[in-house]
Amino acid sequence: MLRKPKKAWNPSIWASWKPFGIGEQYPNNYWEVIRAVLVNFDELPYAWEILNKGVCDGCSLGTTGMKDWTVDGIHVCNVRLRLLRLNTMPAFDHTILENCEQLYTKSGAELRDMGRLPYPMRRDKGDKGFRRISWDKALEIIASRIRATTPERTAYYVTSRGTVNETYYAIQKAVRAMGSNNVDNAARICHSPSTGALKATLGVAATTCSYKDWIGTDLLVFIGSNVANNQPVTVKYLHWAKKAGTRIVVINTYREPGMERYWVPSIPESALFGTKFAEDFFLVNVGGDIPFLNGTIKHMMINNWLDSQFIDNYTNHFEELKATLDTQSWEELESLSGASREEMYAFAKMVGEANKAIFVWSMGITQHECGEENVKAIINLALTKGFVGREGCGLMPIRGHSGVQGGAEMGCYSTVFPGGRKISPETAKEMSKLWGFEVPQTKGLIASDMINAAAESKLDVLFLVGGNFLDVLPDPNYVESALLNIPLRVHMDIVCSKQMLLEPTETVILLPATTRYEIPGGVTETSTERRVIFSPEIPGRRIGEARPEWEVFMELARRVRPELADKLFFENPAAMRQEIALVIPQYAGIQHLLEAGDQFQYGGSHLCFGWKFPTPDGKANFAPLYPPKNELPEGYFLVTTRRGKQFNSMVQEHKDRITGAVREAVLMSSVDAEKFGLKNGDVVVLKNDLGEYKGCVYTAPVKPGNLQVHWPEGNVLLDKSKRSQEGVPDYNALVRLEKV
């Protein structure tokens, strides 16, 4: 049994004795509520209905209205309040787009604030801007271009913000009916290394535990994950975990202030005095996770802090791991990780003494060239003590978008079919039989490959459902030149973005989308903890001629392949869920979700429960790993990109209220600042062979030798050719620093 939180106030976990943290640097959550009221004042009843009956539009925690399945109470976070306006804003005057020149200088935030895209629009080469066209004309243009080329010269990308399971499923089915596997979604550049590594080692491809396991476990470890910024509702879970005696540890390059302490507005004790979260921080170099975790496991082996019975009976390849670690010296592990042997020992002792532990990670682990190996290193550590498949234990790749977990599971992925079936001639035959039409048998283009194909004039049609390649991918100049090389670009979205305004090579089509709350009959999303949740249709403002993406793709596929019309039709999302339940076994039950509050957790509360692993031999697999050799020449720094007050690439404020850093800040240690004769506010330039970034010094508790800059501004420094095995770009770089 997990320990229960003690309800009595406990000054030992308070962040400050100053009431409401007066003078401390942290977000004013009450102001966020007031701001949401003011911004949505023209549609307050509708906004309230969305908050009270909808699901979370932000991260992938998963709520129904303002409640969840982890702890009691009201749950409304800053991220959800900031995104609320996307659901309630009016349409902009479409004639604004008739002359794009006046829009080129606007920021992404200014373009969003114009309002919703109301009608289909068209712009041809030489036009100053867009003109309104009918849906029939727009779809005929797209269908005719698809018919005029070959499937391998078309590509389709789907964002994850607000995208629902039904949309993912319908889009991938439509694309495959049109003869292509070139369909990918935002899960690719977030957690595909997690999916691949978990599948290879444990036989599952998702979070193995539930959020409830955080509260009362012995040890809760965050690696390359800043949940206070990206999944703010979790700070409530962290508060109750502390009240239950859980030890919270963070492994990162930066001592994130929000992971150290936070004032949780909905809990009186925390709202007044704050809560201290992480008791221990272990600062490592950018890319230093594998050597740090390998050193931790070496200590555990030396001190026999292992569950030998679990290892012997339920795992493979432990001896190979041990032999690999024996070849790695402490000096090497210290140099590469940036942490001392003593620090690795301290962490190993915590893990060794724990009876239960959970490991949570995010982009700081996956968005590396060695992303898959980083995840396997975490899994290795968990397997040394059997921290999987039981209460209070688990491996959690926490998701940052409400719709992303279901993306790959619905098969909206260029490398897998629905249900995680790897693309092969055998699985293609299986899908062909299920759907009643021929399905392509070879893997398609992942997101990064789509841009490379465009740059090489190998792409005739690119259909983007949301997303913004200009901001999210490395080397934005290269991305822009590639987008300018595609004869037909189609952008389906609810708002205007910068990539829509790029000059047409031949034609650009804009299509207005609905939000999830405008889809007739309601839809579903899947949370980080594998909870499939119904998201109801909510009566309120409707925008122009906006249509659901799933409906548009079904009609487009029928126009391209009229002979398959009877196989490419769903009466409504409920009918689609009937098919999803048949095609994707773990989603059996989705067909019964019909009303707000309906949900189920596929796989139960714990995957691999009772240490039953769905691998060929029923055992989990250790992965022998060698740390990457990140050499740091004299005068160079390792730089990583970070999030501020933003949601994905949607920057919401110039200053991050958690850290105090502005967008152009270059976060660096005081040790490095003193070494280079720098002080806060000094202007510096970061340079490498790919580009340069101009910013200002902001001293912070960062590991010496490492820097942090905000994303997407820092993308100019990133090497587009550096990707993980699953195709995730490496959002880190080696740079020189010069004072201006």
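Here, residue 1 is the first one in the sequence, and each next residue gets the next number. Small disclaimer: the values here were computed from a predicted structure and weren't measured.
A salt bridge is absent between D113 and R85: the closest approach of a Lys/Arg side-chain nitrogen to an acidic carboxylate oxygen does not fall below 4.0 angstrom. We find that E260 and R255 are joined by a salt bridge, their nearest charged nitrogen and carboxylate oxygen being less than 4.0 Å apart. In this structure, K356 pairs ionically with E391, as a charged nitrogen and a carboxylate oxygen lie closer than 4.0 Å. A salt bridge is defined here as a Lys NZ or Arg NE, NH1 or NH2 lying under 4.0 Å from an Asp or Glu carboxylate O, and E256 with R642 meets this definition. A salt bridge links R82 with E653: the closest approach of a Lys/Arg side-chain nitrogen to an acidic carboxylate oxygen falls below 4.0 angstrom. With salt bridges taken as basic N to acidic carboxylate O contacts below 4.0 Å, none links K694 and E713. Between K679 and D682, at least one side-chain nitrogen of the basic residue sits less than 4.0 Å from a carboxylate oxygen of the acidic one, meeting the salt-bridge criterion. Remark: E372 does not engage K376 in a salt bridge, criterion side-chain N to carboxylate O under 4.0 Å. Between E269 and K6, no side-chain nitrogen of the basic residue sits less than 4.0 Å from a carboxylate oxygen of the acidic one, so the salt-bridge criterion is not met.
Annotation: the span from N648 atom CG to D471 atom CG amounts to 9.0 Å, rounded to 0.5 Å. Remark: I358 CD1 to L220 CG distance equals 6.0 Å, nearest 0.5 Å. With rounding to the nearest 0.5 angstrom, the CG atom of L81 is 7.0 Å from the CG atom of L84. Here CG of L667 is found 9.0 Å from CG of L707. Values are rounded to the nearest 0.5 Å. Here the CZ-CG distance, from F647 to N78, works out to 13.0 Å after rounding to the nearest 0.5 Å.
Under the side chain to side chain contact (heavy atoms under 4.5 Å, CB included) test applied with Y731, the options T640, L473, V286 reduce to a single match, L473.
Considering all non-hydrogen atoms of both residues, P701 and L283 come closest at O-CD1, 3.9 Å. Closest approach of A271 to F20, counting heavy atoms only: O-CD2, 3.2 Å.
Judged purely by distance below 3.5 Å, without hydrogens or angles, the side chains of S497 and N468 never pair a donor atom with an acceptor atom. Donor-acceptor pairing under 3.5 Å is lacking for the side chains of Q601 and W69. Between the side chains of H710 and D656, no donor-acceptor pair is found at a separation under 3.5 Å. A donor-acceptor contact closer than 3.5 angstrom is absent between the side chains of K67 and H75. Between the side chains of R516 and S402, a donor-acceptor pair is found at a separation under 3.5 Å. Q646 and R663 share a donor-acceptor pair across their side chains, judged by distance under 3.5 Å alone.
Below 30°, between 30° and 60°, or above 60°: for Y237 and Y211 the angle between ring planes is between 30° and 60°, a tilted geometry. Ring planes of W361 and H191: perpendicular class, angle over 60° (limits at 30 and 60°). By the 30° and 60° cut-offs, the orientation of the rings of W263 relative to Y26 is parallel.
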**Message:** What verdict does the side-chain contact (heavy atoms from CB on, under 4.5 Å) test give for D730 and R723, after you've listed the backbone C-alpha separation in whole Å, the side-chain angles of each residue and the deciding distance to 0.1 Å?
**Reply:** CA-CA 5 Å; D730 191 326; R723 292 189 278 173; over 6 Å; no
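Within 6.0 Å of atom CH2 in W9, more than 12 heavy atoms from other residues, nucleotides or ligands are found, so the atom counts as buried in its surroundings. Remark: E674 CD is loosely packed, at most 12 non-hydrogen atoms of other residues, nucleotides or ligands lying under 6.0 Å away. By the 6.0 Å contact criterion, NZ on K655 is open, its count of non-hydrogen atoms from other residues, nucleotides or ligands being 12 or less.
The cationic atom of R643 (NZ for Lys, CZ for Arg) lies less than 6.0 Å from the six-membered ring centre of W711 and within 45° of the ring axis.
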